[in-house]
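Everything on this sheet refers to the single structure shown next.
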Amino acid sequence: MNRAKLRTSAFAAVAVLAGSVLAACGSGSGSTGGGTTGGGSGDVQNAKVAFLMPDLASTRYELADKPLFVAKMKQLCPTCEVIYQNADSDAAKQQQQANSALAQGVKAIVLDPVDSAAAATIVKTAQSQQVAVIAYDRPIPATPADYYVSFDNEKIGSMIAQSLVDHLKKENAKGGILQVNGSPTDAAAGLIKKGIHSAVDPSGFKLLAEYDTPDWQPEKAQTWVSGQITQFKDQIVGVVAANDGTGGGSIAAFKAAGVKVPPITGNDAELAAAQRIIAGDQYNTISKPIKIVAEASANVAWEFMQGKKPAGKATLYNTPSELFVPTVVTKENIKEVLFDSGIMKAAEACSGEYAKGCAELGIK
């Protein structure tokens with residue numbers, strides 16, 4: 001895999017999408033193209049857009065997604081207002097937040113759903129009011145949103161799992177694998193799970209057990225993995241965890257049991273995960289720069305707010321989509337992918353107990 005080309009391709013895709021947004025803030029008279037068009041006609045000065053995120057279990061939403069989306073919207077439309085809410089893993093609360101946003105007159109909703117099935121109601125309600133819904137990171141299968149922006153989640157699953165399988169084969173590991181999936185109410189987690197199986201099932205390694213982690217909670221992943229350690233002991237040679245939170249929970253389970261931590265995957269390239277990779281506790285993660293999806297979704301929302309109907313570059317669940325390709329990160333390429341690229345700063349990751357590991361990897 002040529003990781004540099006993958007990153008270049010992803011950023012180039014965003015550049016193409018960004019280049020399609022040529023109208024200045026306030027023009028508001030773009031072609032409608034039919035279908036739900038997010039309010040569409042008239043002046044869009046001072047327009048509102050909702051940015052509704054799903055949970056606080058992942059730190060990314062408060063620290064990255066929100067500020068990056070807000071900054072891009074401010075660039076596209078200095079007088080527009082972003083209404084941000086986080087549902088804290090409560091689907092009913094997210095429904096209330098969406099209703100509140102509609103009552104405030106938003107022209108578009110960017111939605112990362114807590115529950116992909118329940119989110120169909122939000123889509124139907126918004127579209128009935130001619131407000132476009134852009135599904136963000138997680139798809140909404142039952143009722144097509146107006147657009148979907150994400151990294152390719154099935155690809156993410158296959159990439160993290162294949163990376164682990166290749167490593168285990170290289171090490172001549174003998175035993176089985178645990179699979180720690182994401183939330184059962186998250187359609188993106190279902191795609192990641194499908195991708196993981198595409199690599200694990202034909203790998204020759206036995207799948208000892210798997211678990212769908214409610215609300216992606218690291219503590220629940222830790223509790224489940226602890227039980228599997230008791231049952232399978234040293235048969236476990238690797239763990240495919242669907243994100244950095246469940247990966248971190250899995251690692252904590254092995255440490256609490258006082259046994260060697262096997263190679264464990266992740267996804268999201270959170271700071272804590274990068275530190276665990278530097279320290280040798282986590283085998284891999286996925287770099288999917290949030291800036292890419294945050295800015296792409298802002299571009300798409302802005303087009304809908306002007307009454308335009310952007311075309312998708314792919315289709316998923318009957319929804320026009322933009323799906324970006326991520327990069328697997330291991331100790332071998334973490335310096336290049338996360339630090340040399342500027343995605344992460346050494347000053348943030350290399351303090352205290354991680355300073356030695358960073359020095360060994362040339363991260364400074």
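Note that the numbering runs from 1 along the sequence shown for the chain.
Between Leu316 and Ser150, the closest side-chain pair of non-hydrogen atoms is not below 4.5 Å. Trp302 is listed as a side-chain neighbour of Met305, based on a closest heavy-atom distance under 4.5 Å. Using a 4.5 Å cut-off on side-chain heavy atoms (C-beta onward), Ile109 and Leu52 make contact. The closest side-chain heavy-atom distance from Lys107 to Val49 is not below 4.5 Å. Side-chain contact check for Tyr61 versus Leu56: every heavy-atom pair is 4.5 Å or farther apart. When side chains are defined from C-beta on, Phe151 counts as touching Pro289, because their heavy atoms get closer than 4.5 Å.
Residues meeting the salt bridge (Lys or Arg N to Asp or Glu O under 4.0 Å) test with Asp152, sequence neighbours left out: none. Remark: Lys331 pairs with no residue by the salt bridge (Lys or Arg N to Asp or Glu O under 4.0 Å) rule, at least two apart or across chains. Residues that satisfy the salt bridge (Lys or Arg N to Asp or Glu O under 4.0 Å) test with Asp244, not counting sequence neighbours, are absent from this structure.
With values rounded to the nearest 0.5 angstrom, Arg138 atom CZ is found 9.5 Å from Asn153 atom CG. Atom CD in Glu348 sits 14.0 Å away from atom OH in Tyr354 (nearest 0.5 Å). Atom CZ of Arg276 and atom CG of Leu271 lie 9.5 Å apart (nearest 0.5 Å). Rounding to the nearest 0.5 Å places OG of Ser128 at 8.0 Å from CG of Leu102. Distance CD1/Ile192 to CD1/Ile286: 9.0 Å, rounded to 0.5 Å. Considering CD1 of Ile177 and OG of Ser203, their distance stands at 4.5 Å, rounded to 0.5 Å.
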N/O donor-acceptor pairs under 3.5 Å from side chains in residues 208-215, not counting sequence neighbours:
from	atom 1	to	atom 2	distance (Å)
Glu210	OE1	Gln179	NE2	3.4
Glu210	OE1	Asn181	ND2	2.8
Glu210	OE1	His197	NE2	3.2
Glu210	OE2	His197	NE2	3.0
Asp212	OD1	Asn181	ND2	2.9
Asp212	OD1	Lys193	NZ	3.3
Asp212	OD2	Lys193	NZ	3.3
Thr213	OG1	Asn181	O	2.7

Would you give me the side-chain donor-acceptor pairs under 3.5 Å for residues 247-263, sequence neighbours excluded?
from	atom 1	to	atom 2	distance (Å)
Ser250	OG	Thr246	O	2.8
Lys255	NZ	Asp281	OD2	2.8

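Other residues, nucleotides and ligands place more than 12 heavy atoms under 6.0 Å from the NZ atom of Lys288.
What you find for Ala87 and Val114 is that their closest heavy atoms are CB-CG2, 3.7 Å. When all heavy atoms of Asp55 and Ser89 are compared, the pair lying nearest together is CB-OG, 3.2 Å. Of all the heavy atoms in Gly245 and Pro218, the pair that sits closest is O-CB, 3.3 Å.
One N or O on the side chain of Asn333 and one on the backbone of Val328 form a donor-acceptor pair closer than 3.5 Å. For Gln275 (side chain) and Ala349 (main-chain N/O), a donor-acceptor pair under 3.5 Å exists by modelled atom type. Side-chain atoms of Asp146 come within 3.5 Å of backbone atoms of Val133 as a donor-acceptor pair (strictly under, hydrogens ignored). Proximity of a side-chain donor or acceptor of Gln85 to a complementary backbone N or O of Gln96 within less than 3.5 Å is not detected.
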Practice item. Test Ser58 against Glu270 for side chain to side chain contact (heavy atoms under 4.5 Å, CB included), laying out the working first. Key: CA-CA 9 Å; Ser58 297; Glu270 293 183 348; 4.0 Å; yes
Check your understanding: For Glu62 and Tyr84, what are the C-alpha separation, side-chain angles and deciding distance, and is it a side chain to side chain contact (heavy atoms under 4.5 Å, CB included)?
Key -> CA-CA 10 Å; Glu62 304 293 318; Tyr84 170 75; 2.5 Å; yes
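Sorted by first and then second residue, the pairs that involve residues 326-364 and meet disulfide (SG to SG under 2.5 Å), not counting sequence neighbours, are Cys350-Cys358.
With hydrogens and angles left out, the side-chain atoms of Asn99 and Gln95 include a donor and acceptor closer than 3.5 Å.
Between Phe304 and Tyr147, the ring planes lie perpendicular to each other; the angle is over 60°, past the 30° to 60° tilted range.
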